[in-house]
Amino acid sequence: VQLQASGGGLVQAGGSLRLSCVASGSISGITRMAWYRQAPGKQRDLVAAVITGRSTQGRFTISRDDAENTVYLQMNSLKPEDTAVYYCHCLWSDGRKKYDYWGQGTLVTVSS
């Protein structure tokens, strides 16, 4: 499985961004998809996860489009503390074991 993330960039505080992550390869085994983020000097933290459909968690909404093999992260009312590298993640299962796959990360910078 390969995950290709995009959509990061520089945005002013209060603005919005939508991140995209396209999955390719043996995608039929993908179960959960998620976005994590890692700020400089900090650990990587879970932002949002989805198995199917969409889920809103505060200012962020994660949604999954299986027809496009894509997971999105809509981020609204962004704050400087949201600045981080955002990573796409998926869990893949062959029915016996689960495997983690990561995308390459996309940088989000929120200016004050």
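Residue numbers count from 1 along this sequence. Since this is a predicted model, take the numbers as computed values, not measurements.
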Would you say [X] and [Y] make side-chain contact, with heavy atoms under 4.5 Å?
| X | Y | value |
| --- | --- | --- |
| H89 | D100 | yes |
| L10 | Q12 | no |
| S63 | V50 | no |
| Y99 | K97 | yes |
| S111 | V11 | no |
| W92 | K98 | no |

Find the distance between [atom1] ([X]) and [atom2] ([Y]) and round it off to the nearest 0.5 Å.
| X | Y | atom1 | atom2 | answer |
| --- | --- | --- | --- | --- |
| Q57 | L73 | CD | CG | 9.5 Å |
| S16 | N76 | OG | CG | 4.0 Å |
| C90 | I27 | SG | CD1 | 10.0 Å |
| M33 | C88 | CE | SG | 4.5 Å |
| T109 | D82 | OG1 | CG | 11.0 Å |
| W35 | M75 | CH2 | CE | 8.0 Å |

* To do: Check the pair T106, L19 against side-chain contact (heavy atoms from CB on, under 4.5 Å), reporting the backbone distance first and the verdict last.
  => CA-CA 8 Å; T106 184; L19 306 182; 4.0 Å; yes

So, does [X] use its side chain to make a donor-acceptor pair with the main chain of [Y] at under 3.5 Å?
| X | Y | value |
| --- | --- | --- |
| T83 | V110 | yes |
| R64 | V71 | no |
| D65 | E68 | yes |
| T61 | T56 | no |

* To do: Using the rule that two of Ile, Leu, Val, Met, Phe, Trp, Tyr join whenever any of their side-chain heavy atoms come within less than 4.5 Å, decide whether L3 and L107 are in one cluster.
  =>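 Unlinked, L3 and L107 end up in two clusters.
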
Closest heavy-atom contact between [X] and [Y]?
| X | Y | result |
| --- | --- | --- |
| V1 | S26 | CG2-O, 3.6 Å |
| G8 | V108 | CA-CG2, 4.1 Å |
| Y87 | Q104 | CE2-O, 3.8 Å |

* For atom CZ of R54, decide whether the heavy atoms of other residues, nucleotides or ligands shown that lie under 6.0 angstrom number more than 12. =>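 Check fails, neighbour count at 12 or below.
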
* Asked: So, R37 versus Y86: side-chain donor-acceptor pair below 3.5 Å or not?
  ->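 Side chains of R37 and Y86: pair found under 3.5 Å.
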
* **Evaluation steps, side-chain contact (heavy atoms from CB on, under 4.5 Å), between L78 and L17** => CA-CA 8 Å; L78 283 163; L17 274 179; 4.1 Å; yes

* Evaluate the criterion side-chain hydrogen bond (donor to acceptor under 3.5 Å, both in side chains) for residue pair Y72 and R18; output intermediate values, then yes/no. => CA-CA 7 Å; Y72 302 97; R18 190 177 78 156; 4.6 Å; no

* Which residues share a ring pair (Phe, Tyr, Trp, His ring centres under 6.0 Å) with F60, sequence neighbours left out ->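 Result, ring pair (Phe, Tyr, Trp, His ring centres under 6.0 Å) vs F60: none returned.
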
